[in-house]
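What you see below is based on every heavy atom in this structure, not just the backbone, and it leaves out hydrogens, waters and symmetry mates.
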Amino acid sequence: MIVDPEKVAAAIAEIAANEIAPRFGRLEAHDVDTKSGPGDFVTEADRAAEHALCEALSDIYPAAAFVGEESAAAQPESLAALKGEGAFWVVDPLDGTRNFVEGRREFGTIVALIENGETRAGWIYAIPDETFAIASIGDGARWGEERLAPLENPSGALRGYRAVGNLEDKWRSTMLPRLRARFETDPVKCSAYGYIHLARGEKDFALYSRCHPWDHAAGILMLGEIGGRALYLDDGAPYRPVATQGRPMLVAPSEDRFQLMRAALCGEAA
């Protein structure tokens, strides 16, 4: 691997301790703004952490360009570069910003290293727990000091996450009734914790309809390292670290869970 994962983790943790944690529960009205809508928050913590991460990660791997959530919001065209060649740091400096603003203790920092369109390494830092999930391609994944292993076959009803507000109508009218009728789901309020819960077997699947690479690239790599899958149900294409909207993407931490959910959502279950 071209970078030291522990060095990256140390930089992320230091920036979270300096720029994010001290602001939790202490935001003033002028520290909070919105982007695409009234619930799409951005704070001074997001901006300060992204700036610091850009400097720190660029020092660690200068050849990699930087794509952060907040900079991409200002310059959406920067995302097109991820479809081509080259190395990129893809960063969500404060995932779960709404939780952070509203005082809920599920928020984190997500970093992925992408090279030539492939996610090579990922870091998810659960800031309130001060614990990392880290993965690198071919080397497995871990949560804290625990190496994550493939999950056992599921027993009982499958439980998962949903983030389906952007599904195109043709998928909304077929998949959502099947999802609601058969499965218990919770809304995704923080991608960082969502992927940690999936990797640890606390949830069995997630169905997404809008995929930003800073939310998904690191977590999907982690699931892949323990035998999981992520695939678009409209055309069967595997996940790639680019932005999509409207398409149903199914994520599961094991092959058996994935196949059960794909069959159920696509109307193939017995």
Side-chain angles (χ1 to χ4, degrees), residues 5-27 32 35 39-54 56-57 66-73 89-114 119 121-136 141-146 148 161 163 186-203 206 208 211-223 225 241 251 253:
E6 299 304 323
K7 186 174 182 179
V8 176
I12 295 168
E14 180 179 5
I15 290 164
N18 291 338
E19 304 294 354
I20 298 175
R23 291 179 165 98
F24 183 59
R26 298 179 177 87
L27 293 171
V32 182
K35 295 183 288 186
D40 186 11
F41 294 112
V42 60
T43 72
E44 286 305 303
D46 296 76
R47 296 187 178 104
E50 181 162 307
H51 178 76
L53 285 162
C54 181
L57 297 175
F66 184 89
V67 178
E69 179 181 8
E70 307 314 326
S71 58
W89 291 110
V90 177
V91 173
D92 190 340
L94 176 52
D95 181 66
T97 301
R98 184 166 185 166
N99 287 347
F100 187 79
V101 170
E102 296 178 352
R104 292 190 294 269
R105 296 180 61 83
E106 281 201 358
F107 53 89
T109 297
I110 307 176
V111 174
L113 178 59
I114 293 170
T119 308
W123 297 258
I124 299 178
Y125 186 40
I127 296 172
D129 295 307
E130 298 184 351
T131 305
F132 273 95
I134 300 175
S136 57
R142 63 179 173 87
W143 165 246
E145 299 303 316
E146 169 194 359
L148 294 170
Y161 287 113
D186 295 317
V188 179
K189 296 183 178 180
C190 176
S191 292
Y193 273 84
Y195 277 108
I196 289 167
H197 293 158
L198 286 164
R200 301 186 71 200
E202 296 166 10
K203 293 286 188 180
Y208 294 101
C211 299
H212 294 303
W214 46 78
D215 287 329
H216 297 281
I220 286 173
L221 173 64
M222 291 172 190
L223 298 189
E225 288 297 304
V251 175

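- Between atom CD of residue E69 and atom CG of residue L94 there is a gap of 8.5 Å, rounded to the nearest 0.5 Å.
- N99 contributes a side-chain N or O that, together with a main-chain N or O of E106, makes up a donor-acceptor pair within less than 3.5 Å.
- The line from CG of L148 to CD of E225 is 10.5 Å long, rounded to the nearest 0.5 Å.
- Taken to the nearest 0.5 Å, the CG atom of L113 stands 10.0 Å off from the CG atom of L221.
- When all heavy atoms are compared, the tightest approach of V188 to A163 is CG2-CB, 4.1 Å.
- Side-chain atoms of D95 come within 3.5 Å of backbone N or O of S191 as a donor-acceptor pair.
- Taking each heavy atom of A135 and M222 in turn, the nearest pair found is CB-CG, 3.4 Å.
- A ring-ring contact (aromatic ring centres under 6.0 Å, His included) with F107 is found for exactly one of F24, Y193, F41, Y125, namely F24.
- Residue E130 qualifies as open at atom CD: its count of foreign heavy atoms under 6.0 Å is 12 or below.
- Across every non-hydrogen atom of V111 and A218, the tightest pair is O-CB, 3.6 Å.
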Review point. Passes side chain to side chain contact (heavy atoms under 4.5 Å, CB included), R23 versus T43? Steps please.
Key: CA-CA 10 Å; R23 291 179 165 98; T43 72; 5.9 Å; no
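- For E102, the CD atom sits in a packed shell: over 12 heavy atoms of surrounding residues, nucleotides or ligands are nearer than 6.0 Å.
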Exercise for review: Start with the C-alpha gap between W214 and I110, add the side-chain angles, then the distance that decides, and say whether side chain to side chain contact (heavy atoms under 4.5 Å, CB included) holds.
Suggested key: CA-CA 7 Å; W214 46 78; I110 307 176; over 6 Å; no
Exercise for review: Carefully, step by step, assess R200 and W143 under the rule side chain to side chain contact (heavy atoms under 4.5 Å, CB included).
Suggested key: CA-CA 8 Å; R200 301 186 71 200; W143 165 246; 3.3 Å; yes
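- Taking the side chain as every heavy atom from C-beta outward, L223 and V251 approach each other to under 4.5 Å.
- A salt bridge links E44 to R47: at least one charged side-chain nitrogen sits closer than 4.0 Å to a carboxylate oxygen.
- Looking only at side-chain heavy atoms (C-beta outward), V42 and T97 stay at 4.5 Å or farther from each other.
- A9 approaches I134 most closely through the heavy-atom pair CB-CD1, 4.0 Å.
- Looking at F132 and I12, their side chains come closer than 4.5 Å, going by heavy atoms from C-beta outward.
- A126 approaches I196 most closely through the heavy-atom pair CB-CD1, 4.0 Å.
- When every heavy atom of A217 is checked against every heavy atom of I114, the shortest pair comes out as CB-CD1, 4.3 Å.
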Practice item. Go through the steps to decide whether D186 and K203 satisfy the test side chain to side chain contact (heavy atoms under 4.5 Å, CB included), and finish with yes or no. Key: CA-CA 10 Å; D186 295 317; K203 293 286 188 180; 2.5 Å; yes
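- The distance from the NE2 atom of H51 to the CD atom of E19 is 9.0 Å, given to the nearest 0.5 Å.
- Put simply, CD1 on I127 and CZ on F100 are 7.5 Å apart, with the number rounded to the nearest 0.5 Å.
- In this structure, the separation between SG on C190 and OH on Y161 is 8.5 Å, given to the nearest 0.5 Å.
- Under a 3.5 Å cut-off, the side chain of T109 and the backbone N or O of P93 do form a donor-acceptor pair.
- Remark: the backbone N or O of C54 is not paired with any side-chain donor or acceptor of W89 at under 3.5 angstrom.
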